[in-house]
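All chains are named by letter (A, B, ...) in the order of the sequence lines, taking the proteins before the strands, and each is independently numbered beginning at 1.
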2 protein chains.
Amino acid sequence: MRRDIFQAIADPTRRAIIALIAVQAMTPNAIAEHFDTTRQAISKHLKVLTECELVKQEHQGREIYYQLEIDKMKEIDKWLEQFRKIWESRFQQLDQLLSIIKKGK
Amino acid sequence: MRRDIFQAIADPTRRAIIALIAVQAMTPNAIAEHFDTTRQAISKHLKVLTECELVKQEHQGREIYYQLEIDKMKEIDKWLEQFRKIWESRFQQLDQLLSIIKKGK
DNA sequence: TATATTTGCAACCAGTTAGTTGCGATACTT
DNA sequence: AAGTATCGCAACTAACTGGTTGCAAATATA
């Protein structure tokens, strides 16, 4: 099964999980308590997140702490870069236009 | 049907379409020429992109030019903000650690 | 007016997804 | 050793997705 980070963040529950464990690592049960669904459903989401390496496990006895791989999030940031360039250049153009208008006055 | 921007960018073809029309507005036919699929498939992707307001149409005779709503992309950037804070603070911590080690020498 | 081009919409299909239930493995606790 | 808690895996289901084909509407051209 193909997994990529964009597919991983497409699901709102998964985005919520990411935001949760970004603060601190948590076990599946602890995560599931924050949602209105079964532990197994959360477990499945964690599997998807693990497959695309957005999350890593840390075994501690019978508990497994899931932690966000924050570096992986930078991939989205990297993809956004091309568009950031565009909206910044448009802002600059607007800025220049405004200063031209100002000078004209 | 619920549409949100994260679901829209989950599909690689849609991401490619977005990158294409970010440069300049294009008609469905012109876009479809860049892909190895039918015009109708592209049309469906454009519909999804339109539904979540990532794209706007500009009618010109019988042709419809699709243009990227670059501002909508900022929503992704906004969502990333919370994580950017985390990775920047971790980088700072690493930076401080390195300078402490340096001083110790 | 007849014809061709551009496009969107509806119906359909195969594959995927998110969710549930049931079960077995592992690790603590008494 | 027996019981309990944490967890992943497999099977199943309903809903959704991306894709195709066919068709109708609107605009341009002969």
At less than 4.0 Å, is any side-chain N or O atom of [X] found next to OP1 or OP2 of [N]? Yes or no.
X	N	value
B:Thr38	D:dG19	no
B:Asn29	C:dT5	no
B:His59	C:dT7	no
A:Tyr66	D:dT6	no
B:Thr37	D:dT20	yes
A:Thr27	D:dT6	no

Among A:Leu20, A:Ile42, A:Thr50, the one residue meeting side chain to side chain contact (heavy atoms under 4.5 Å, CB included) with A:Tyr66: A:Thr50

Is the shortest side-chain N to carboxylate O distance from A:Glu75 to A:Lys78 below 4.0 Å?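 Salt bridge absent between A:Glu75 and A:Lys78.
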
May I ask you to say whether A:Asp77 pairs ionically with A:Lys74, meaning some side-chain N is under 4.0 Å from a carboxylate O?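 A salt bridge is absent here (no side-chain N lies under 4.0 Å from a carboxylate O).
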
To the nearest angstrom, how far is [X] atom [atom1] from [N] atom [atom2]?
X	N	atom1	atom2	result
B:Gln7	D:dG18	CD	P	7 Å
B:Arg15	D:dG18	CZ	P	12 Å
B:Asp4	D:dC16	CG	C1'	14 Å
A:Arg39	C:dT20	CZ	P	12 Å
B:His45	C:dG8	NE2	P	14 Å
A:Ile64	D:dG8	CD1	C1'	8 Å
B:Lys44	D:dT20	NZ	C1'	9 Å
B:Leu46	C:dG8	CG	P	7 Å

Grab the two heavy atoms, one from B:Ala10 and one from B:Arg15, that are nearest each other, plus how far apart they are.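 Heavy-atom minimum between the residues: O-NH1, 3.3 Å.
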
Residue pair A:Gln67 / A:Ala25: nearest heavy atoms and the distance that separates them: CB-CB, 4.0 Å

Could you tell me whether A:Gln40 contacts a base, only the sugar-phosphate backbone, or nothing, with contacts defined as non-hydrogen atoms closer than 4.0 Å? base

What nucleic acid atoms does B:Tyr65 come within less than 4.0 Å of, heavy atoms only: base, sugar-phosphate, or nothing? nothing

Answer whether the closest heavy-atom distance between the side chains of B:Trp79 and A:Ile9 falls below 4.5 Å. yes

Could a donor-acceptor pair under 3.5 angstrom be found where the side chain of [X] meets the base of [N]?
X	N	result
B:Lys47	C:dG8	no
B:Arg62	C:dT5	yes
B:Arg14	D:dG18	no

Comparing A:Gly61 and A:Thr13 on DNA chain C - which has the more 5′ nearest nucleotide: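 The residue mapped nearer the 5' terminus is A:Thr13.
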
First encountered from the 5' end of DNA chain C, between A:Glu63 and A:Ile42: A:Ile42

Which of these nucleotides, C:dT7, C:dT17, D:dG19, is closest to any side-chain atom of A:Arg3?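 Selected nucleotide (nearest to the side chain): C:dT17.
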
Counting only side-chain heavy atoms from C-beta out, which of C:dT7, C:dG8, C:dT20 sits nearest to B:Gln57? C:dG8

